[in-house]
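One structure is given below, encoded as structure tokens.
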Amino acid sequence: MSRPDDPVIDIRGLTKRFGAFTAVDNLSFSVERGEIFGLLGPNGSGKTTTINVISGLSRPTCGRVFVLGYDIAENPRAVRAALGAVPQETALYEELTAWHNLAFHAEIYGVPSKERDRRIEDLLSLVQLSDRRNSRVGTFSGGMKRRLALARSLLHDPRLLYFDEPTLGVDVQSRRALWDYILALKDRGKTTLITTNYLEEASVLCDRLAIIDHGRLLALDTPDTLKRRFGATILEITTEPPPADAVLERLRRIDGVAEVSVDDGALKVSIDGQHLATGAVVTALSQSVEIRSITQREPNLEDVFLKLTGSALRD
Ligand code: ADP
Ligand code: MG
């Protein structure tokens, strides 16, 4: 039975092996109602495999997966009704118009005909394709097709949406548009699971993030907390005169300072997390040199990934 306070997705110890190869390794997390939850990891880290298990396309080797309280192994039909899939492949009918693509899909999903036209109009307007409703999809750009695929996935009013790398290879403008739609769906109370290997995307959209690599969970938290815990603030400071070695040594001893270097005359100080040691660095410096300029780079998820895995995020 599904209860109102069940997590939308609850994954417990999910493992998926292909032969001897472990693609997902004892993964556990849950997604709460109304949140945008991100699975962030490099190519081959097990994101699609995890999504495929959630959507019933693939069976777990071990572990259990619940969607809205239903065990996917026992109740695949209930799970499918709750899910709206926006797969990597858009798979639209190119020879049909935008409107007929949606109408056809509404039929398959058994959307009541009284409801159908109103929903189609509403969704076409959400994805800004109302004025192209009667154009054949074959004439659409890639971005328009993706938007139509998004509208299609919403036709049966699913409670949970998932997007598998929705902006892979999408131009900047369409990417921003898609982010706006995902945020608009959150306003409509939808829960969203999204996979991405774009750090910026995860940062902009997600309420919480699970970072995975080699099928294993490395960290799970809000983007801000992850940046604070694993990120780095970089200060670039020019001084007159350049700081002597003794000054650099003094900076290195400040709590929270991870790294101090001089590059091309500019002092570079890396601070763990979000700039709590910035004040102490500035004070220590100003006792012996004059500060001419300071720039500060906020921590980003790139740093987080580097810190967690010891390697940069692969593209
Ligand atoms: P991601 O979506 O994060 O890029 P995937 O979940 O697609 O990663 O793949 C995770 C790993 O599992 C990869 O090494 C991939 O080659 C492997 N894999 C995925 N599907 C299969 C399959 N059907 N058979 C064998 N190996 C697979
Ligand atoms: Mg994938």
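Below, all heavy atoms of this structure are taken into account, side chains as well, without hydrogens, waters or symmetry copies. By convention here, the first residue in the shown sequence is residue 1. Each ligand, and each atom within it, is numbered from 1 in the order the structure gives.
- Below 3.5 Å of separation, one finds an N or O of G46 facing an N or O of ligand 1.
- When only non-hydrogen protein atoms are considered, atom 23 (N) of ligand 1 lies nearest to F18 CE2, 3.4 Å.
- Surrounding CD of E259 are at most 12 heavy atoms belonging to other residues, nucleotides or ligands under 6.0 Å away.
- At least one heavy atom of P42 sits under 4.0 Å from some atom of ligand 1.
- For ligand 1 and A23, the ligand atoms under 4.0 Å from any heavy atom of the residue are 11 (C), 12 (O).
- S45 and D213 share no donor-acceptor pair across their side chains, judged by distance under 3.5 Å alone.
- Residue K47 holds the heavy atom nearest to atom 3 (O) of ligand 1 of all those in K47, H214, E165.
- Under 4.0 Å is where a charged nitrogen must lie from a carboxylate oxygen, and between E165 and R146 no such pair does.
- A 6.0 Å sphere centred on CZ of R297 holds more than 12 heavy atoms belonging to other residues, nucleotides or ligands.
- At the top of the distance list for atom 4 (O) of ligand 1, counting protein heavy atoms only, stands G44 N, 2.7 Å.
- The presence of a protein heavy atom under 4.0 Å from atom 15 (C) of ligand 1 is ruled out.
- No more than 12 heavy-atom neighbours from other residues, nucleotides or ligands sit within 6.0 angstrom of CG on D255.
- Remark: ligand 1 and N43 share no N or O pair separated by less than 3.5 Å (distance only, no angle test).
- For the atom pair NZ of K268 and CG of L235, the computed distance is 11.0 Å after rounding to the nearest 0.5 Å.
- With hydrogens left out, the protein atom closest to atom 17 (C) of ligand 1 is F21 CE2, 3.7 Å, a heavy atom.
- Atom CZ in F37 sits 7.5 Å away from atom CG in L209 (nearest 0.5 Å).
- Contact analysis puts S45 in contact with ligand 1, with a non-hydrogen atom separation below 4.0 angstrom.
- With hydrogens left out, the protein atom closest to atom 9 (O) of ligand 1 is T49 OG1, 3.7 Å, a heavy atom.
- Counting protein heavy atoms under 4.0 angstrom from atom 7 (O) of ligand 1 gives one or more.
- Look at D221 and R228 and you find no salt bridge, because none of the NZ, NE, NH1 or NH2 atoms lies under 4.0 Å from a carboxylate O.
- Across L193 and L160, no two heavy atoms sit closer than the pair N-CD1, 4.3 Å.
- Here T48 meets the criterion, with an N, O or S atom under 2.8 Å of the Mg ion (ligand 2).
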